[in-house]
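Here's the structure, in structure tokens; my notes come after.
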Amino acid sequence: MKTAPDSDEYPTSEPSSVWEQARLWDRDHVWHPFEPHDPEDPLRPPLFLSGEGCWLFDSEGNRLLDGVSSLWCNLHGHRVPRIDQAVRDQLDRLAHCTLLGAAHEPAARLARKLVEIAPPGLNRVYFSDNGATAVEAALKIAFQYQQQRPDPKPEKARYLALNEAYHGDTLGAVAVGDIPRFHRQFGPLLFPVKRACQPFCYRCPLGLARPACQLACANEAVGLIQRHADELAAVIVEPVVQGAAGMVVAPEGWLRAVADACKRHDVLLIADEVATGFGRTGKLFACQHEGVTPDLLCLAKGITGGYLPLAATLATDQIFGAFTGPPSAGRAFYHGHTYSGNPLGAAAALASLEILLEPGYLEAVEDKGRLLESALSPLLGHPRVGEIRRKGLMLGVELVADRATRAPLDPGRRTGRAICDHARSLGVLLRPLGDVVVLMPPLAIRPDEIHHLAHAVVASVHKVLPPGAD
Ligand SMILES: *Cc1c(COP(=O)(O)O)cnc(C)c1O
């Protein structure tokens with residue numbers, strides 16, 4: 001029987017039969033997330049063998065720059081010696097044990113570290129294993145809190161979320177989500193949710209323009225919070241950047257206004273920083289751009305530097321206090337996952353945080369973001385590029401049919417997809433959100449790699465959408 005060679009023996013040019021076999025198994029047995037699996041157009045995804053820094057190496061000898069951080073989670077690149085070693089060291093002690101009725105050092109140490117670096121007041125850490133579970137836990141905690149608080153408010157049992165929101169794919173997270181393409185068919189399974197308009201200046205849902213609008217979108221959300229305070233358990237938002245909605249950057253002041261309204265009207269604020277957390281926006285947490293401390297903070301994706309599935313929902317003492325008491329009081333949070341707070345994941349997270357917190361590391365994110373944006377400037381005059389929007393190292397290039405009217409492209413043409421496919425032939429791995437090309441490289445990306453990434457995107461846009469053609 002054939003076995004895979006060691007990683008340093010991976011072939012760099014010749015496809016080996018081992019990889020061809022893996023491809024067939026993939027084709028015949030793997031059900032890929034978010035894939036149509038069209039029998040007429042079978043999927044032939046790159047088969048990655050190894051990674052190094054910001055690069056991934058496939059079975060056909062291609063080297064691809066990881067332009068979306070392996071779906072928004074990688075921070076420091078692949079095979080980071082310090083994280084590798086931390087995971088190995090932990091593996092020599094304990095790979096996994098439960099947090100149900102048991103404790104272990106990596107989770108305890110990570111909880112302490114997260115409390116130290118999170119916005120002040122979030123002193124309690126509920127571990128789980130991915131973004132959707134972090135959100136699911138936050139939603140249930142908010143609901144149960146309202147019933148168990150010292151002055152119980154069981155009628156506060158609804159949520160306010162944004163139009164076009166994305167918070168993960170489990171049913172509670174889907175209920176607060178609103179991306180029609182992903183969520184529409186599950187409608188009958190979901191609980192009703194109140195909606196506020198997106199703070200999206202390029203496509204202002206209120207038809208206004210800054211600064212004359214005076215943040216009318218925030219006023220709308222504030223008005224909804226005020227009007228529905230009696231029935232709202234919580235407001236859930238992605239602070240500052242609505243990622244899966246298309247890298248939508250909220251205008252300054254929106255988050256602050258919503259957070260203040262939540263405080264004023266006794267509604268909890270859940271910040272979903274699954275995408276924005278851990279330096280992606282240039283601050284450790286996006287809430288910190290506006291000095292906001294949410295009541296519940298959801299963290300996942302970047303928490304382990306992109307190594308292992310781990311997540312955390314941070315809560316204030318006030319919330320946690322409502323869940324304490326003798327067993328007879330029945331106040332426990334009956335919710336949990338087998339791999340909650342996995343020790344290997346926690347060890348990776350601690351090592352990743354050490355790197356992230358090194359002097360200058362976070363500060364460099366904004367500089368790198370600016371460099372990436374300026375390297376994309378050849379696209380600014382392109383008739384099909386509507387907007388390039390960015391916060392830190394989260395960047396979206398929105399493609400449109402007409403720059404003047406901002407009319408969207410026909411989604412059926414899958415233009416964003418075609419551009420990312422072309423970029424792959426130029427050595428860059430990307431994944432679009434409809435007709436928004438997303439650039440979200442590891443924070444560790446170097447200037448020469450930023451230029452490689454930007455050049456591939458500029459060339460691919462020009463290739464797929466030649467200026468002057470229809
Ligand atoms: C990716 C994402 C999630 C879901 O995280 P998973 O780990 O994929 O379950 C939730 N919220 C936001 C904002 C995300 O970007």
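Indexing begins at 1, ligand by ligand and atom by atom, following the structure's order. Atom set for the values below is all heavy atoms of this structure, side chains included, hydrogens, waters and symmetry mates excluded. Since the model is a prediction, treat every value here as computed from it, not as a measurement.
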Anything under 3.5 Å between an N or O on ligand 1 and a protein N or O? List each pair with its distance, or write none.
from	atom 1	to	atom 2	distance (Å)
ligand 1	5 (O)	G131	N	3.4
ligand 1	7 (O)	G131	N	2.7
ligand 1	9 (O)	N130	OD1	3.2
ligand 1	9 (O)	G131	N	3.4
ligand 1	9 (O)	A132	N	2.8
ligand 1	11 (N)	D272	OD1	3.3
ligand 1	11 (N)	D272	OD2	2.7
ligand 1	15 (O)	K301	NZ	2.6

Taking 4.0 angstrom as the limit, do E358 and R82 come out as a salt bridge?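 Result for this pair is yes, salt bridge flagged.
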With a 4.0 Å cut-off on N to O distance, would you call R424 and D58 a salt bridge?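 Salt bridge absent between R424 and D58.
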Results of ring pair (Phe, Tyr, Trp, His ring centres under 6.0 Å) for Y307 - residues two or more places apart only: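 Once residues adjacent in sequence are excluded, Y307 has no partner under the ring pair (Phe, Tyr, Trp, His ring centres under 6.0 Å) criterion.
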For H337, what residues pass the ring pair (Phe, Tyr, Trp, His ring centres under 6.0 Å) criterion, not counting sequence neighbours?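 Checked H337 against ring pair (Phe, Tyr, Trp, His ring centres under 6.0 Å); matches are H335.
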Only counting residues at least two apart or in another chain, list the ones meeting side chain to side chain contact (heavy atoms under 4.5 Å, CB included) with L379.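 Side chain to side chain contact (heavy atoms under 4.5 Å, CB included) list for L379, sorted by chain: L376, V385, I388, V397, V457, V458, V461, H462.
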Between R93 and D89, does a salt bridge (Lys or Arg N to Asp or Glu O under 4.0 Å) hold up when you go through it step by step? CA-CA 7 Å; R93 291 192 285 271; D89 290 348; 5.7 Å; no
